[in-house]
Amino acid sequence: MKSGTAVLFKGEEYQVIWVYSNDTCEIKRKDVLGKVELAVISELNVVSDCKIR
């Protein structure tokens, strides 16, 4: 998983902002500005994987 990946968490659509080496990541809900949450990668369902060029 990498930054920019769209995921589902608790029934809401989020975007991965940052991935840590301890299997956690920062995610931001698509419709909320500025609010970032921490989540365990195993709790996320990938919707689409974005490639950064």
Side-chain angles (χ1 to χ4, degrees):
M1 184 173 305
K2 56 188 160 202
S3 296
T5 302
V7 296
L8 289 177
F9 180 65
K10 297 181 181 177
E12 300 285 333
E13 191 171 351
Y14 286 77
Q15 183 175 16
V16 175
I17 304 299
W18 191 260
V19 179
Y20 295 101
S21 61
N22 63 353
D23 292 332
T24 59
C25 61
E26 289 182 3
I27 56 176
K28 184 173 80 75
R29 197 162 57 193
K30 292 275 188 163
D31 60 349
V32 177
L33 296 174
K35 185 174 181 178
V36 176
E37 297 181 41
L38 286 177
V40 177
I41 291 175
S42 63
E43 296 177 327
L44 305 175
N45 295 318
V46 175
V47 175
S48 66
D49 197 0
C50 168
K51 292 185 179 177
I52 299 173
R53 296 174 192 214

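Atom CD of Glu43 sits about 7.0 Å away from atom NZ of Lys10, to the nearest 0.5 Å.
Only one option out of Glu26, Arg29, Lys28 pairs with Tyr14 in a side chain to side chain contact (heavy atoms under 4.5 Å, CB included); it is Arg29. Checked options Val19, Val16, Thr24; the residue passing with Ile41 is Val19 (criterion: side chain to side chain contact (heavy atoms under 4.5 Å, CB included)).
Ala39 and Ile27 get closest at one heavy-atom pair: CB-CD1, 3.7 Å. Heavy atoms only, all atoms of each residue included: Val7 and Val47 are closest at C-CG2, 3.9 Å. Nearest heavy-atom pair across Ala6 and Glu13 is CB-OE2, 4.1 Å. Taking each heavy atom of Cys25 and Tyr20 in turn, the nearest pair found is CA-CD1, 4.1 Å.
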